Amino acid sequence: MPELPEVETIRRQLAPKVEGRTLRELRILDPRWTQPLAPQAVTEALEGRRVEALERRGKYLIWRAEDDVHLLIHLRMTGTLLWEPSDADAAHERVRFDLDGARLSFCDPRRFGTGELAVGGPALAAFLDARLGVEPLQGELTGAYLRAQARGRTAPVKAFLLDQRRIAGVGNIYADEALFRAGIHPLRPVGTLTRAQCDALADAVVAALTAGIDAGGATIDDFRHVDGVYGGFQHDFLVHRREGEPCDTCGTEIVKFVAAGRGTYVCETCQPRPRRRRRQAASVRS
DNA sequence: CGCCCTGTTGGGGA
DNA sequence: ATCCCCAACAGGGC
């Protein structure tokens with residue numbers, strides 16, 4: 001479930017509930033969650049501290065507690081945070097927060113999610129800076145930035161978008177969506193994009209993420225298994241993600257293949273295939 | 001029933 | 001720089 005818009009939605013829903021409360025107990029049921037750090041190190045650093053703010057950077061949720069102690073939660077594929085969940089919804093509970101008597105559960109069937117501890121501002125900055133590039137929702141993703149980063153690179157543009165160290169928070173679905181909106185094929189070598197395409201793609205990434213947040217799909221109270229997808233968030237505003245269905249714009253059948261190691265959906269009319277790959281760098285022409 | 005494939009992620013090793 | 005595989009689990013197709 002959690003792409004950036006879902007993480008942001010969870011953050012917005014949760015922040016008013018948790019900010020100002022004190023973390024009385026942090027029960028880590030799955031020791032893998034804190035690897036390679038020992039669970040008790042995380043527990044001891046956080047228990048008894050007041051939660052000052054719940055923030056987000058990329059797909060990380062950042063709990064800022066007293067004395068500059070931070071807990072960074074990554075939901076990965078199937079993680080979620082549930083406020084006062086029912087027993088059924090909490091079936092895969094991995095971590096339990098006691099916030100002044102209120103229960104918050106980190107649930108994660110697949111157990112990919114992680115919890116990281118960062119004590120002190122520099123430690124937090126070092127952790128984030130090593131992993132995350134510009135924040136698209138803070139106006140940092142511009143066509144000029146994209147073009148500068150892409151220059152000379154041969155990687156498929158989709159792989160480029162998914163690299164968190166360049167642009168923070170673009171996941172598989174939103175990469176497809178942005179490329180569709182910008183009319184760019186996912187396998188296009190990123191260094192061959194024109195200036196206009198870089199501008200269009202930067203705008204499309206921001207627009208797609210913003211649309212996802214506005215759709216406000218994720219909810220912290222409701223976690224189910226729907227249509228084979230954990231979470232059941234409906235991305236109705238996105239390009240079709242079923243092969244064989246018609247493109248909303250032109251009616252061409254959506255095709256699916258693997259790009260950057262992920263399932264990728266494309267309208268090859270709206271997103272023309274790149275010319276055959278060349279050994280030599282291609283010159284950039286419009 | 002079993003086997004195989006897939007998956008809204010990121011890290012490590014080749 | 002780029003690609004492949006892996007973590008662990010559930011559901012669907014055959």
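Chain naming here is simple, since letters A, B, ... match the order of the sequence lines and numbering starts at 1 in each. Remember, predicted model here, so these are calculated numbers, not experimental data.
Here the options are A:Leu26, A:Thr22, A:Asp98, the test is side-chain contact (heavy atoms from CB on, under 4.5 Å), and the partner is A:Glu47; only A:Leu26 passes.
One N or O on the side chain of A:Arg21 and one on the backbone of A:Leu99 form a donor-acceptor pair closer than 3.5 Å.
OP1 or OP2 of C:dA7 has not a single side-chain nitrogen or oxygen of A:Arg111 nearer than 4.0 Å. For C:dT2, neither phosphate oxygen OP1 nor OP2 lies less than 4.0 angstrom from any side-chain nitrogen or oxygen of A:Lys158. Phosphate proximity of C:dC9 to A:Thr78: absent, as no side-chain N or O sits under 4.0 Å from OP1 or OP2.
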Which side-chain N or O atoms in residues 155-162 of chain A pair as donor and acceptor under 3.5 Å with protein atoms at least two apart or in another chain?
| from | atom 1 | to | atom 2 | distance (Å) |
| --- | --- | --- | --- | --- |
| A:Lys158 | NZ | A:Asn172 | OD1 | 2.6 |
| A:Lys158 | NZ | A:Asp176 | OD1 | 2.7 |
| A:Lys158 | NZ | A:Gly263 | O | 3.4 |
| A:Lys158 | NZ | A:Thr264 | OG1 | 2.9 |

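Nearer to the 5' terminus of DNA chain C, by closest-nucleotide assignment, is the contact made by A:Gly152 (compared with the other of A:Gly152 and A:Arg94).
Under the side chain to side chain donor-acceptor pair (under 3.5 Å) criterion, A:Thr114 pairs with no residue, sequence neighbours left out. With sequence neighbours excluded, no residue forms a side chain to side chain donor-acceptor pair (under 3.5 Å) with A:Arg50.
The nearest whole Å value for the distance from the CG atom in A:Asp108 to the P atom in C:dC9 is 10 Å. One interatomic measurement links the two molecules: CG of A:Asp30 to C1' of C:dA7, which rounds to 12 Å at whole-angstrom precision. When the C1' atom of C:dG13 is taken as reference, atom CD of A:Glu243 falls 14 Å away, rounded to whole Å.
Here ring-ring contact (aromatic ring centres under 6.0 Å, His included) pairs that include residues 101-143 of chain A, with residues two or more places apart or in two chains, are A:Trp33-A:Phe106, A:Tyr60-A:Phe127. Pairs of residues two or more places apart, or lying in two chains, that qualify as salt bridge (charged side-chain N to carboxylate O under 4.0 Å, His left out) and include a residue from residues 53-63 of chain A are A:Glu8-A:Arg56, A:Glu55-A:Arg64, A:Arg56-A:Glu135, A:Arg57-A:Glu135. The ring-ring contact (aromatic ring centres under 6.0 Å, His included) pairs that include a residue from residues 128-156 of chain A number zero, where partners must be two or more places apart or lie in different chains. Residue pairs meeting the salt bridge (charged side-chain N to carboxylate O under 4.0 Å, His left out) criterion with at least one member in residues 254-271 of chain A, sequence neighbours excluded, are A:Glu268-A:Arg273.
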Pairing of DNA chain C as dot-bracket, 5' to 3': ( ) intra-strand, [ ] crossing, | other strand, . unpaired, with Watson-Crick or G-U pairs under 3.5 Å? .||||||.||||||
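Closest contact between the side chain of A:Arg153 and the listed nucleotides C:dA1, B:dG7, C:dA10 involves C:dA1.
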Sub-3.5 Å pairs of nitrogen or oxygen atoms, protein against nucleotides 9-13 of chain B:
| from | atom 1 | to | atom 2 | distance (Å) |
| --- | --- | --- | --- | --- |
| B:dT9 | OP1 | A:Lys59 | NZ | 3.1 |
| B:dT9 | OP2 | A:Asn172 | N | 3.4 |
| B:dT9 | O2 | A:Arg76 | NH1 | 3.0 |
| B:dG10 | OP1 | A:His74 | NE2 | 3.0 |
| B:dG10 | OP2 | A:Lys59 | NZ | 3.0 |
| B:dG10 | O4' | A:Arg76 | NE | 3.4 |
| B:dG10 | N7 | A:Arg262 | NH2 | 2.8 |
| B:dG10 | O6 | A:Arg262 | NH2 | 3.3 |
| B:dG11 | OP1 | A:Arg131 | NE | 3.1 |

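Across B:dT9 and C:dA1, the matching P atoms stand 22 Å from one another, rounded to whole Å.
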